[in-house]
Q: 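Here it is, the structure, as structure tokens.
No hydrogens, no waters, no symmetry mates; every other heavy atom, side chains included, goes into these values. Predicted, not measured: the structure shown is a model, and the values here were computed from it. Just follow the structure's listing: the first ligand is 1, and inside any ligand the first atom is 1.
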Amino acid sequence: MNNPDPANNLFNNTSDFDVEKVRADFPILEQQVHGKPLVYLDNAATAQKPKQVIEVLDTYYRETNSNIHRGVHSLSEKATAEYEAARNKVKEFVNAASTKEIVFVRGATEAINLVAQSFGRNTLMADDEIIITELEHHSNIVPWQILSEQTGATLKFIPINDAGELMLEEYEKLLNNKTRIVAVGHISNALGTINPIKTIIDKAHAVGAKVLVDGAQAVPHTKVDVTELDCDFYVFSGHKLFGPTGIGVLYGKEALLESMPPYQGGGDMIQMVSMKKSTYNSLPYKFEAGTPHIAGVIGLGAAIDYVDELGLDSAAQYEHELLVYANEQASLVSGLNLVGTAKNKTSILSFTLDGIHPHDIGTILDGEGVAIRAGHHCAMPVMERFNIPATARASFAFYNTREEIDALIKAIDKCKKVFN
Ligand code: 7TS
């Protein structure tokens, strides 16, 4: 694969990937749905959890459960130590400079809203400009629309071409000295396009803009290095990374986070409170008001241990081979139209079938045990760009197999027979 952007350094290593051994770690995959073996191809929505993560959560609630940062008793100290150890794992995972740069939030959505409201609302003015892309998930669109309404700043977007790739020449035209924020997805959830984010970041910095990268779809598939990327903010959700729901990460450069006011007020984010005034805690606690999702953080730490042990590079290589196979098989199905054919893409097969609504495809596939997602994938502008209401989307993880892709194709054939 020809890939000029070092941030997209996905497919360099070839490895013998033992998928059966990996599958044995995921108990949910053993079940049957409608009397057929479950074929789980909805990983872009949420990934399944290995027993290593499930066991850590179970042990936490059985043996450690306690509130953090406040108790003097042993359980609280243990929970605090595990919570902060997980923060250190995240720091290493994305190669941040310090744990002060790792803020725990509910997910990618909350992280983007935090940056829009704490950073954006306090720095943007009516004449300023924000750039996003036509490829974004709604959670990287709507917070910027809200911010634009609040501040009067103008929201612009980088369009995509027919393959579902960002048109960088248009990006160049949008950038100017009024650009304050560029917010871009690392990998598209609707089409699987891998964006050239290093190039996007460097060009934004050249005009003095800050860059937020939405890495929700990227961290399960590629090694991310925020220091090398030099992004200002990077966000992701734990549940797509084989960890629990309700937990996510905001990475922000320390100086920027330091300059930003709190997003929410409450316990733990303060240094001192009087009836007249409060002062705030240091980073990252300033942004973690209230009792956090302690088990979620510890479970996310276990998920990071799991993917580190597995090796994201060899998993990505394996997933790439799966995608190539899926593409080949899909291209043999008459009436199947692929949506999103970027040169650099990963793990997502978005398609339509002539004369059959994607929701009907989803229902018939479910009857065959095949779980996909049908709809606009919270990326309605992408659907509008291709002039379609929805797609059927199969999204892969490293525990999927060629046999499962065969099952997908067989179920698609059945779907065609039912409707024709
Ligand atoms: N950004 C991208 C690129 C995403 O794919 C998603 C979720 C989000 C942000 C939001 O993540 P959350 O964890 O805060 O909800 N994407 C999808 C999807 O493709 N199908 O279901 C959720």
Side-chain angles (χ1 to χ4, degrees), residues 7-8 40-49 90 103-117 132-146 157-158 160 164-166 182-195 197 200 211-222 224 231 233-251 263 293 296-297 299-300 303 339-340 342 344-351 358-359 362 371-383 390-397:
N8 299 345
Y40 186 76
L41 300 177
D42 196 18
N43 295 286
T46 198
Q48 299 303 348
K49 321 304 171 197
V90 175
V103 177
F104 288 121
V105 288
R106 278 193 295 133
T109 302
E110 187 176 39
I112 298 168
N113 279 280
L114 190 163
V115 173
Q117 289 303 307
I132 59 172
T133 89
E134 200 174 14
L135 209 46
E136 300 311 308
H137 186 277
H138 296 165
S139 55
N140 201 26
I141 301 176
V142 185
W144 306 113
Q145 289 174 334
I146 294 172
F157 68 88
I158 311 171
I160 53 177
E165 297 161 325
L166 294 179
V182 175
V184 57
H186 193 161
I187 293 180
S188 153
N189 72 312
L191 307 181
T193 312
I194 306 169
N195 290 323
I197 52 164
I200 291 173
V211 184
L212 177 142
V213 180
D214 172 2
Q217 294 295 340
V219 286
H221 302 292
T222 181
V224 169
C231 52
F233 303 102
Y234 195 98
V235 310
F236 64 92
S237 297
H239 68 99
K240 298 186 201 281
L241 184 62
F242 315 98
T245 48
I247 191 66
V249 171
L250 164 65
Y251 157 82
Y263 173 56
H293 187 2
V297 167
L300 173 59
V339 185
N344 291 319
K345 67 175 280 188
T346 185
S347 298
I348 282 174
L349 196 79
S350 237
F351 62 93
H359 283 132
I372 60 151
R373 184 164 171 191
H376 53 61
H377 316 297
C378 298
M380 288 173 91
V382 175
M383 301 299 124
T391 73
R393 180 190 70 181
S395 53
F396 310 116

Q: Sequence neighbours left out, what passes side chain to side chain donor-acceptor pair (under 3.5 Å) with E134? Give chain and number order.
A: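 Counting only residues at least two positions away or on another chain, E134 forms no side chain to side chain donor-acceptor pair (under 3.5 Å).
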
Q: Can you find a side-chain donor-acceptor pair between T193 and S188 that sits under 3.5 Å?
A: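 Side-chain D/A pair, T193 to S188: absent.
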
Q: Using every non-hydrogen atom in the two residues, find where V105 and L114 come nearest and quote the distance to one decimal.
A: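 Shortest heavy-atom contact: CG1-CD1, 4.0 Å.
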
Q: Pairs under 3.5 Å, N/O atoms on ligand 1 and on the protein: can you put them in a table with the distances?
A:
{"unit_1": "ligand 1", "atom_1": "1 (N)", "unit_2": "D214", "atom_2": "OD1", "d": "3.2"}
{"unit_1": "ligand 1", "atom_1": "1 (N)", "unit_2": "D214", "atom_2": "OD2", "d": "2.5"}
{"unit_1": "ligand 1", "atom_1": "5 (O)", "unit_2": "Q217", "atom_2": "NE2", "d": "2.7"}
{"unit_1": "ligand 1", "atom_1": "13 (O)", "unit_2": "S237", "atom_2": "OG", "d": "2.6"}
{"unit_1": "ligand 1", "atom_1": "13 (O)", "unit_2": "H239", "atom_2": "NE2", "d": "2.7"}
{"unit_1": "ligand 1", "atom_1": "14 (O)", "unit_2": "A108", "atom_2": "N", "d": "3.4"}
{"unit_1": "ligand 1", "atom_1": "14 (O)", "unit_2": "T109", "atom_2": "N", "d": "2.9"}
{"unit_1": "ligand 1", "atom_1": "14 (O)", "unit_2": "T109", "atom_2": "OG1", "d": "2.6"}
{"unit_1": "ligand 1", "atom_1": "16 (N)", "unit_2": "H137", "atom_2": "NE2", "d": "3.4"}
{"unit_1": "ligand 1", "atom_1": "16 (N)", "unit_2": "K240", "atom_2": "NZ", "d": "2.8"}
{"unit_1": "ligand 1", "atom_1": "19 (O)", "unit_2": "N189", "atom_2": "ND2", "d": "2.8"}
{"unit_1": "ligand 1", "atom_1": "19 (O)", "unit_2": "R393", "atom_2": "NH1", "d": "2.7"}
{"unit_1": "ligand 1", "atom_1": "19 (O)", "unit_2": "R393", "atom_2": "NH2", "d": "3.4"}
{"unit_1": "ligand 1", "atom_1": "20 (N)", "unit_2": "R373", "atom_2": "NH1", "d": "2.4"}
{"unit_1": "ligand 1", "atom_1": "20 (N)", "unit_2": "R393", "atom_2": "NH2", "d": "3.3"}
{"unit_1": "ligand 1", "atom_1": "21 (O)", "unit_2": "R373", "atom_2": "NH1", "d": "2.6"}

Q: Can you sort out the partners of F104 under ring pair (Phe, Tyr, Trp, His ring centres under 6.0 Å), two or more places apart, ordered by chain and number?
A: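 F104 satisfies ring pair (Phe, Tyr, Trp, His ring centres under 6.0 Å) with Y83 once adjacent residues are dropped.
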
Q: I'd like to check the side chain to side chain contact (heavy atoms under 4.5 Å, CB included) partners of D42; sequence neighbours left out, ordered by chain and number.
A: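 D42 satisfies side chain to side chain contact (heavy atoms under 4.5 Å, CB included) with Y40, A45, R373, R393, S395 once adjacent residues are dropped.
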
Q: Tell me the closest heavy-atom pair linking G299 and P244, and the distance in Å.
A: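 Closest heavy-atom pair between G299 and P244: C-CD, 3.7 Å.
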
